[in-house]
Amino acid sequence: MAREILGAVANKWALLVINALGERTLRFTEVHAEVDGISHKMLTQTLRHLERDGVVHRTVYPSVPPRVEYRLTAPGQALRATVNGMCAWTRHYLDEIETARHRFDAGPGPEQGARTATG
């Protein structure tokens with residue numbers, strides 16, 4: 001069960017939606033504008049998963065057309081603190097990560113020997 005929940009809340013889009021909502025209440029189109037590159041369909045799926053897991057609260061107002069707003073729940077706010085920590089880690093180590101990626105992508109040097117399928 002924990003693996004299923006972690007898989008749902010720790011994917012790229014869920015993390016970006018959680019970050020976009022922050023401490024605000026946003027309409028669907030506002031969330032869509034905040035999360036660069038997400039499709040309408042993927043945002044709908046992500047919000048549904050987050051709502052199902054109790055991370056996001058969805059409020060529908062009876063109007064024409066219906067107005068729908070999203071906000072983080074208390075567990076969602078707690079998760080956001082973890083997401084913010086991950087973002088801080090990324091900013092802190094970005095240069096080192098980029099250097100490691102370039103070194104890896106360049107292939108093994110003579111001192112490293114050939115890379116095998118298992119690493």
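Counting from 1, the numbers follow the sequence of the chain as shown. Note that the structure is predicted; figures quoted are calculated from it, not measured.
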For Arg67, salt bridge (charged side-chain N to carboxylate O under 4.0 Å, His left out) partners two or more places apart: Glu69
Report the C-alpha distance between Trp13 and Gln45 in whole Å, list the side-chain angles of each, state the deciding distance to 0.1 Å, and finish with yes or no for side-chain contact (heavy atoms from CB on, under 4.5 Å). CA-CA 10 Å; Trp13 295 121; Gln45 289 175 354; over 6 Å; no
Please identify each residue that fulfils ring pair (Phe, Tyr, Trp, His ring centres under 6.0 Å) with His102, with sequence neighbours left out. none
Are any non-hydrogen side-chain atoms of Met42 and Lys12 less than 4.5 angstrom apart? no
Checking His57 side chain against Tyr70 main chain: does a donor-acceptor pair fall under 3.5 Å? no
Restricting to non-hydrogen atoms, name the atom on Val35 and the atom on Ala20 that form the minimum distance, rounded to 0.1 Å. CG2-CB, 3.9 Å
Measure the shortest side-chain to side-chain distance between Phe28 and Leu43 over non-hydrogen atoms and say whether it is less than 4.5 angstrom. yes
Heavy-atom closest pair (Thr73 atom, Val56 atom, distance to 0.1 Å) is CG2-C, 3.8 Å
Please report the shortest heavy-atom distance between His40 and His32, naming the atom on each side. N-NE2, 3.8 Å
Just do the side-chain contact (heavy atoms from CB on, under 4.5 Å) check on Thr59 and Val68 with the steps written out, would you? CA-CA 6 Å; Thr59 304; Val68 181; over 6 Å; no
Output the distance between atom CZ (Arg58) and atom CZ (Arg48), rounded to the nearest 0.5 Å. 7.5 Å
For residues 75-96, which side-chain donor-acceptor pairs fall under 3.5 Å, sequence neighbours excluded?
from	atom 1	to	atom 2	distance (Å)
Gln77	NE2	Gly22	O	2.9
Thr90	OG1	Met86	O	2.9

Stepwise, does the salt bridge (Lys or Arg N to Asp or Glu O under 4.0 Å) test hold for Arg24 with Glu34? CA-CA 12 Å; Arg24 306 176 292 170; Glu34 291 280 328; 3.5 Å; yes
I'd like to know if the side chain of Thr46 and the backbone of Ala14 have a donor-acceptor N/O pair within less than 3.5 Å. no
Check the pair Val55, Glu51 against side-chain contact (heavy atoms from CB on, under 4.5 Å), reporting the backbone distance first and the verdict last. CA-CA 6 Å; Val55 175; Glu51 182 183 9; over 6 Å; no
Would you say the side chain of Glu30 lies within less than 4.5 Å of the side chain of Arg27, judging by non-hydrogen atoms? yes
Quick check: is Leu21 connected to Val60 through a chain of hydrophobic side chains (ILVMFWY, heavy atoms under 4.5 Å apart)? yes
CG/Leu26 to CG/Leu72 distance, rounded to the nearest 0.5 angstrom? 9.0 Å
